[in-house]
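Position 1 is the first residue of the sequence, and the numbers go up from there.
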Amino acid sequence: MNGGMLFKKLPDPTNAEVLRGYLWDAETLVVHDRALSAAYARHVAPLSLKLVRSGSERYNVHGFHEAVCPGDFLVINEAQPYESLIESVAPVETMCVFFSRRDVLDVARGQLADAALVDDPNAEATPPEFPAVKRRADSGLRLLMDEIPTLRGAPTLARNEFAVRLLSALIANDRPGWRASERVDAMRPSTRGELHRRCLIGRAYIDAAFEADIDLTDIARAAGLSRTHFLRSFKQCFGQTPYQVLRQRRLEQAAVLLEGRSAHVTEVALAVGYNNFSAFARAFRTFHGVAPSRFARKGRNATSRP
């Protein structure tokens, strides 16, 4: 089948001959497969969208691992080194879209003004660049991502159009971040954009390591900034300090664990990084408006009703 979006299985990570040139295709490529384990050493690839439809897959782009789960997505830029790992007791359904250079340039040109394109249909445009950190997909983007498997066997034109729509939606999804970068106190737009990107990496580090007793030095180092510069820029970008983001992430995860009845309240406190149960209970009550023990009982009662 030629043109549009090509579908392939996961390549054998131990076979160098198979891996050589596997991803670099003239057409947008979809790797959609299930696996219990697969480890791909650090490598580069075309601009790609990483999704997981069941289970989780770990990616290391910035020096730490992020677990991509259903509802998450990760966009990795062309030629940006990364590694990935699947290791699970149940099959993980992974799906990666590797965009062709042609589709990327077409979408980039689509961001130009109509007048410029009329004057020169082949006008050059700067390819999009993404922060390459895990994020949650909004409802519209999630629906579009859910359509990807249905393109297998679709007419060439439908696959052509869908690749462009998907990449355009990913760029549109990034626009709020561009506006957030305007809050950063820097003269040059390029500097503001770079600081925002680095703060996103810092926030991703917090999300990946929130259970641990991480400190400001750890986070700032991951973002490639000094402690002072990172702290100031982070607050300007997100309106919260790193510790406020860490606390929110811990308390959100605590609610998930309590709803799922996977552990006792004390065990949940320890699992999300609280060594002091009283401090956990106070923080949980302030954030969720109810004591953790009562929250857990409500979850049990809700699931026990016929």
Side-chain angles (χ1 to χ4, degrees), residues 61-69 71-74 130-138 173-186 191-260 263 265-296 299:
V61 183
H62 302 293
F64 55 91
H65 284 89
E66 296 184 80
V68 175
C69 302
D72 298 333
F73 75 96
L74 171 66
F130 296 84
V133 293
K134 180 185 77 172
R135 282 170 286 173
R136 299 293 289 179
D138 61 28
N173 188 78
D174 252 26
R175 287 201 178 107
W178 302 344
R179 290 193 290 270
S181 69
E182 294 301 313
R183 296 194 290 267
V184 177
D185 185 17
T191 303
R192 292 196 294 270
E194 178 62 17
L195 285 172
H196 180 251
R197 185 186 72 84
R198 295 193 185 197
C199 287
L200 283 171
I201 294 171
R203 191 169 68 177
Y205 181 86
I206 293 171
D207 185 67
F210 70 90
E211 307 100 325
D213 187 23
I214 55 178
D215 65 19
L216 185 59
T217 301
D218 297 329
I219 309 168
R221 185 185 298 118
L225 294 171
S226 71
R227 286 162 45 105
T228 303
H229 199 185
F230 173 76
L231 188 59
R232 181 177 68 246
S233 300
F234 191 96
K235 180 67 182 295
Q236 290 171 346
C237 281
F238 307 122
Q240 293 178 295
T241 68
Y243 175 65
Q244 288 172 328
V245 170
L246 172 67
R247 182 176 57 192
Q248 178 176 326
R249 180 69 181 87
R250 287 176 168 178
L251 295 171
E252 288 173 345
Q253 180 61 18
V256 170
L257 294 175
L258 290 171
E259 284 178 335
V265 173
T266 304
E267 294 172 326
V268 167
L270 291 171
V272 299
Y274 279 89
N275 294 320
N276 184 314
F277 177 74
S278 296
F280 168 71
R282 286 195 302 272
F284 191 96
R285 187 184 298 108
T286 299
F287 188 79
H288 291 288
V290 64
S293 56
R294 187 175 178 187
F295 188 94

Checking Ala254 now: which residues fulfil side chain to side chain contact (heavy atoms under 4.5 Å, CB included) with it, not counting sequence neighbours?
Val268, Val272, Phe280, Phe284

Non-neighbouring partners of Asp72 that pass side chain to side chain donor-acceptor pair (under 3.5 Å), sequence neighbours left out
Arg136

Sorted by chain and number, sequence neighbours left out, ring pair (Phe, Tyr, Trp, His ring centres under 6.0 Å) with Phe277 holds for none

Glu252: which residues meet the side chain to side chain donor-acceptor pair (under 3.5 Å) condition with it, sequence neighbours left out?
Gln248

His229 side chain to Leu195 backbone, donor-acceptor under 3.5 Å:
no

Residue pair Pro242 / Leu216: nearest heavy atoms and the distance that separates them
CG-CD1, 4.3 Å

Sorted by chain and residue number, the side chain to side chain contact (heavy atoms under 4.5 Å, CB included) partners of Ala137 (sequence neighbours excluded) come out as Phe73, Leu141, Arg142, Met145

In this structure, CZ of Arg203 is separated from CZ of Arg135 (nearest 0.5 Å) by 9.0 Å

Distance col, row Leu258:CG vs Glu267:CD, nearest 0.5 angstrom, shows 11.0 Å

Parallel, tilted or perpendicular: rings of Phe234 and Phe230 (30°, 60°)
tilted

Drop me the distance from Phe64's CZ to Ile201's CD1, to the nearest 0.5 angstrom.
7.0 Å

Partners meeting side chain to side chain donor-acceptor pair (under 3.5 Å) with Arg197 (sequence neighbours left out)
Glu194

Given 3.5 Å as the limit, does a donor-acceptor pair link the side chain of His62 with the main chain of Val133, or not?
no

Taking only residues at least two apart or on different chains, which pairs with a member in residues 206-217 satisfy salt bridge (Lys or Arg N to Asp or Glu O under 4.0 Å)?
Lys134-Asp207, Asp207-Arg249

Under the salt bridge (Lys or Arg N to Asp or Glu O under 4.0 Å) rule, collect the residues that match up with Arg282, sequence neighbours excluded.
none

Assign the ring pair His288 / Phe295 to parallel, tilted or perpendicular, where the plane angle (0 to 90°) is split at 30° and 60°.
tilted

His65 and Ala208 have their tightest heavy-atom pair at O-CB, 3.3 Å

Residues Leu200, Phe238; criterion side-chain contact (heavy atoms from CB on, under 4.5 Å); working and verdict
CA-CA 9 Å; Leu200 283 171; Phe238 307 122; 3.8 Å; yes

From Arg192 atom CZ to Cys237 atom SG, the distance as rounded to the nearest 0.5 Å
11.0 Å

Under the rule for side chain to side chain contact (heavy atoms under 4.5 Å, CB included), what residues qualify as partners of Leu246, not counting sequence neighbours?
Ile206, Phe210, Ile214, Tyr243, Arg250

Could you give all pairs that pass the salt bridge (Lys or Arg N to Asp or Glu O under 4.0 Å) test and reach residues 217-226, with sequence neighbours left out?
Asp218-Arg221

Those residues that, when tested against Asn276, pass side chain to side chain contact (heavy atoms under 4.5 Å, CB included) (two or more places apart)
Ser278, Ala279

Name all residues meeting the side chain to side chain donor-acceptor pair (under 3.5 Å) criterion together with Thr217; count only those two or more places apart in sequence or in a different chain, and write none if there are none.
Arg227

